[in-house]
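Whatever order the structure lists ligands and atoms in, that order sets their numbers, starting from 1.
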Amino acid sequence: MRHNPVSVAFVSIATLKGHAGRKVDLRGWVFTKRASKKILFIELRDGAGIVQTVTARETVGDEHFTEWASLPQESSIEVSGVVREEPRAKGGVEIDVQEIRPISRPTAEYPINKPDHSPDFLLERRHLWLRSKKQWAVLRVRDTVFHEIHAFFRKEGFLHVSAPILTPAACEGTSTLFGMDYFDQGKAYLTQSGQLYMEAAAMAHGRVYCFGPTFRAEKSKTRRHLTEFWMAEPEAAFYELDDVMALAEGLLCHVVARVLAQRRDELAILERDTAPLEKIQPPFPRISYTEAHALAEKAGEPFPFGDDLGAPQETAISKQFDRPVMIHRYPTGVKAFYMKQDPQDPRFVLCVDVIAPEGVGEIIGGSQREDDLAALEKRIAEHKLPKEAFEWYFDLRRFGSVAHGGFGLGLERTVAWICGREHVRETIPFPRMLYRIYP
Ligand code: 4AD
Ligand code: MG
């Protein structure tokens with residue numbers, strides 16, 4: 001039954017429109033199937049797209065019709081047929097089937113076959129769930145976001161530098177470290193952020209960024225937290241807080257515009273209302289922590305002055321604006337050791353959190369860095385961090401210290417916002433969370 005496919009040039013479903021009227025060979029998987037006595041509809045997906053195939057009993061004969069109509073969901077197949085323009089079809093074409101050649105028949109019923117499986121059921125089968133339409137669309141948007149982050153930084157003269165994954169010390173607090181024994185060198189940790197290494201690289205190259213996986217042993221089970229997530233982290237010499245904010249604004253506008261230009265179909269599959277995304281234009285509102293505190297109170301989400309903002313406060317504040325809000329100058333006590341104190345008011349640090357609209361919360365955290373050696377040593381001591389582990393970092397202040405700064409953008413939260421997904425777990429191929437490491 002199987003033909004030798006060697007001589008056949010298979011066509012991608014993404015390019016089918018250019019083949020209207022011609023005979024083509026396709027290969028992929030049975031996505032959905034409907035059959036009547038006379039006609040069989042198989043939606044074929046090949047990874048690049050989905051197309052409806054139409055098989056008429058009259059054309060292919062009883063025996064073939066019966067065999068092909070019995071192909072279960074997710075059978076892999078080759079299809080030969082003629083591309084017919086069909087204005088009512090999604091991609092503008094359908095396939096009139098001449099022949100279907102099964103490659104592999106599933107050995108059991110495909111488990112993902114209802115519209116209302118529970119999240120746990122789907123996460124347990126993430127390796128198969130990836131084939132579903134919305135999950136497929138999310139990863140395609142993620143790919144564009146990933147690519148366009150690189151494109152933006154390159155356009156702005158930033159050099160990509162790889163940060164290490166194994167690190168000797170904490171960057172973002174000691175409570176979320178994944179530790180391990182590192183031969184006879186003591187403890188090592190999975191990186192929480194490449195920032196400290198980017199500070200070193202910025203003094204060598206001026207403008208740099210890293211973009212890789214980062215790890216936090218977060219005990220929080222929220223829709224915003226993963227234990228492994230990807231972060232894009234630019235760092236630039238001679239940048240002050242205002243430059244950091246302008247860079248963050250430029251990056252988000254660039255990425256959203258490119259997704260809107262390239263991923264309309266995927267956003268439609270996700271039923272994402274694109275009107276709020278069209279509004280992502282500069283300038284973004286910039287408000288101080290002190291102003292944010294007052295805004296939250298007015299919006300019915302008061303909190304003690306000096307505390308960090310929680311998710312309810314972030315949501316209440318972001319609701320007042322139609323674009324991302326940049327909240328700057330948080331109290332020193334709630335932020336990391338490396339942030340520079342505000343010379344105008346030492347109760348605050350020169351930092352910024354960017355809060356996405358529509359309830360996703362903080363997608364970017366950044367700051368101007370403490371460039372004064374004595375001040376930095378004091379902060380390290382206050383945070384009870386081991387001084388020895390940061391000797392190399394102090395060197396950056398000993399040898400030609402300059403103002404500098406940067407930020408970290410969380411890829412999954414950004415994709416969740418752009419795709420309008422409720423939970424970050426759907427925005428990474430294989431999510432790692434407090435209660436999940438499988439598959
Ligand atoms: O605000 P964070 O902790 O900042 C840093 O790590 C800095 N060292 C970055 C820098 O300045 N180079 O994290 C930055 C971003 C957050 O705004 C959020 O988008 C994301 O990383 N993030 C997480 N995403 C998913 N799950 C988690 N557990 C996350 N923790 C942070
Ligand atoms: Mg943060």
Side-chain angles (χ1 to χ4, degrees), residues 142 145 149 153 158 161 163 167 169-178 189-202 207-236 239 241 243-245 247-248 251-252 255 289 308-311 314 318 324-328 330-331 334-340 349-356 360-370 393 404-418 421 423-428 431-434 436:
R142 180 184 166 107
V145 172
I149 286 171
F153 285 132
F158 283 72
V161 174
T167 59
C171 178
E172 295 298 325
T174 48
S175 64
T176 62
L177 283 171
F178 279 112
Y189 309 95
L190 292 178
T191 185
Q192 297 169 308
S193 159
Q195 177 199 321
L196 307 186
Y197 298 97
M198 290 306 105
E199 289 184 54
R207 295 176 178 196
V208 297
Y209 72 104
C210 62
F211 193 178
T214 48
F215 305 86
R216 308 262 170 109
E218 300 269 11
K219 300 258 159 52
S220 31
K221 210 184 146 192
T222 79
R223 66 192 185 93
R224 301 169 177 187
H225 286 96
L226 297 163
T227 56
E228 176 180 313
F229 61 98
W230 283 64
M231 192 160 36
E233 297 185 86
E235 191 73 29
Y239 262 42
L241 179 59
D243 306 308
V244 172
M245 291 199 273
L247 187 72
L251 174 63
L252 290 175
V255 167
Y289 169 89
D308 205 353
L309 278 71
E314 288 181 354
S318 71
V325 195
M326 307 216 258
I327 306 178
H328 55 80
Y330 281 63
V334 300
K335 287 294 183 188
F337 71 88
Y338 52 72
M339 294 184 178
K340 188 173 177 63
V349 282
L350 296 175
C351 68
V352 61
D353 277 5
V354 183
I355 314 298
V360 179
E362 178 201 328
I363 52 173
I364 288 180
S367 74
Q368 190 174 327
R369 318 306 186 189
E370 184 52 76
Y393 188 63
H404 64 288
F407 61 78
L409 169 140
L411 178 61
E412 289 75 20
R413 288 189 193 173
T414 303
V415 174
W417 162 50
I418 293 175
R421 302 318 282 169
H423 203 298
V424 289
R425 66 189 168 210
E426 287 184 40
T427 65
I428 186 163
R432 272 72 183 95
M433 293 174 287
L434 184 51
R436 180 162 295 282

**Item:** Residue part near ligand 1, for Ile364, under 4.0 Å between non-hydrogen atoms
**Value:** backbone
**Request:** Report, in ascending order of atom number, the atoms of ligand 1 lying under 4.0 Å from any heavy atom of Arg369.
**Result:** 10 (C), 11 (O), 12 (N)
**Request:** Decide whether an N or O pair under 3.5 Å exists between Ser367 and ligand 1.
**Result:** no
**Asked** So Phe153 and Phe158, would you call those rings parallel, tilted or perpendicular, with 30° and 60° as cut-offs?
**Response** tilted
**Message:** Nearest 0.5 Å, please: how far is CD in Glu235 from CG in Leu247?
**Reply:** 10.5 Å
**Asked** Taking N or O atoms only and a 3.5 Å limit, does Glu233 qualify as a polar contact for ligand 1?
**Response** yes
**Message:** With a heavy-atom distance limit of 4.0 Å, tell me whether Phe229 approaches ligand 1 through its side chain, its backbone, both, or neither.
**Reply:** side chain
**Complete:** Here the N/O/S atom of Glu362 closest to the Mg ion (ligand 2) would be OE2
**Prompt:** Do any nitrogen or oxygen atoms of Leu226 lie less than 3.5 angstrom from nitrogen or oxygen atoms of ligand 1?
**Reply:** yes
**Prompt:** Could you go step by step and tell me if Phe407 and Leu251 meet the side-chain contact (heavy atoms from CB on, under 4.5 Å) rule?
**Reply:** CA-CA 11 Å; Phe407 61 78; Leu251 174 63; 3.8 Å; yes
**Complete:** Nearest non-hydrogen protein atom to atom 19 (O) of ligand 1, with distance, is Ile363 O, 2.9 Å
**Prompt:** What do you reckon, does Pro234 have a nitrogen or oxygen under 3.5 Å from a nitrogen or oxygen of ligand 1?
**Reply:** no
**Prompt:** When you look for heavy atoms under 4.0 Å from ligand 1, do you find them on the side chain of Trp230, its backbone, both, or neither?
**Reply:** neither
**Request:** Please say which of Val352, Asp353, Leu252 ends up in a side-chain contact (heavy atoms from CB on, under 4.5 Å) with Ile364.
**Result:** Leu252
**Request:** May I ask you to list the atoms of ligand 1 that are less than 4.0 angstrom from any heavy atom of Tyr338?
**Result:** 7 (C), 8 (N)
**Message:** Regarding ligand 1, does Glu172 bring an N or O atom to under 3.5 Å of one of the ligand's N or O atoms?
**Reply:** yes
**Asked** Measuring from Cys351:SG to Met339:CE, what's the distance to the nearest 0.5 Å?
**Response** 5.0 Å
**Item:** Pairwise distance CD(Glu426) to CZ(Arg223) - rounded to 0.5 angstrom
**Value:** 11.5 Å
**Item:** Donor-acceptor contact present, side-chain Arg369 to main-chain Gly406, <3.5 Å
**Value:** yes
**Item:** Contacting atoms of ligand 1, where contact means under 4.0 angstrom from a heavy atom of Arg224
**Value:** 25 (C), 26 (N)
**Request:** Give yes if a backbone or side-chain nitrogen or oxygen of Gln195 is under 3.5 Å from a nitrogen or oxygen of ligand 1, and no if not.
**Result:** yes
**Asked** How does Glu218 reach ligand 1, by side chain, by backbone, by both or by neither, if only non-hydrogen atoms under 4.0 Å count?
**Response** side chain
**Request:** Start with the C-alpha gap between Gln368 and Tyr239, add the side-chain angles, then the distance that decides, and say whether side-chain contact (heavy atoms from CB on, under 4.5 Å) holds.
**Result:** CA-CA 7 Å; Gln368 190 174 327; Tyr239 262 42; over 6 Å; no
**Message:** Students often mix this up, so state it plainly: with edges at 30° and 60°, are the rings of Tyr289 and Tyr330 parallel, tilted or perpendicular?
**Reply:** tilted
**Complete:** A student checking ligand 1 against Gly365 at a 4.0 Å heavy-atom cut-off should list atoms 1 (O), 9 (C), 10 (C), 11 (O), 17 (O)
**Item:** Rounded distance (nearest 0.5 Å) linking atom CG of Leu190 with atom CD of Glu228
**Value:** 8.5 Å
**Request:** Could you please spell out the steps behind the side-chain contact (heavy atoms from CB on, under 4.5 Å) verdict for Glu172 and Gln195?
**Result:** CA-CA 10 Å; Glu172 295 298 325; Gln195 177 199 321; 4.0 Å; yes
**Asked** Which of these, Arg216, Glu228, Arg413, has its nearest heavy atom closest to atom 3 (O) of ligand 1?
**Response** Arg216
**Complete:** Rounded to the nearest 0.5 Å, the CG atom of Leu350 sits from the NZ atom of Lys335 at a distance of 13.0 Å
**Item:** Exercise: do Thr214 and Arg216 side chains pair donor with acceptor under 3.5 Å
**Value:** no
**Message:** Need the ligand 1 atom indices (1-based, order shown) with element for anything under 4.0 Å from a heavy-atom of Gly410.
**Reply:** 15 (C), 19 (O), 20 (C), 21 (O)
**Message:** Residue-level breakdown please: for Glu362 versus ligand 1, do any non-hydrogen atoms fall below 4.0 Å on the side chain, on the backbone, on both, or on neither?
**Reply:** both
**Message:** Within the 4.0 Å heavy-atom shell around Met231, which atoms of ligand 1 are there?
**Reply:** 6 (O), 13 (O), 14 (C), 15 (C), 21 (O)
**Asked** How far is atom 15 (C) of ligand 1 from its nearest protein heavy atom, and which residue and atom name does that atom have?
**Response** Gly408 O, 3.6 Å
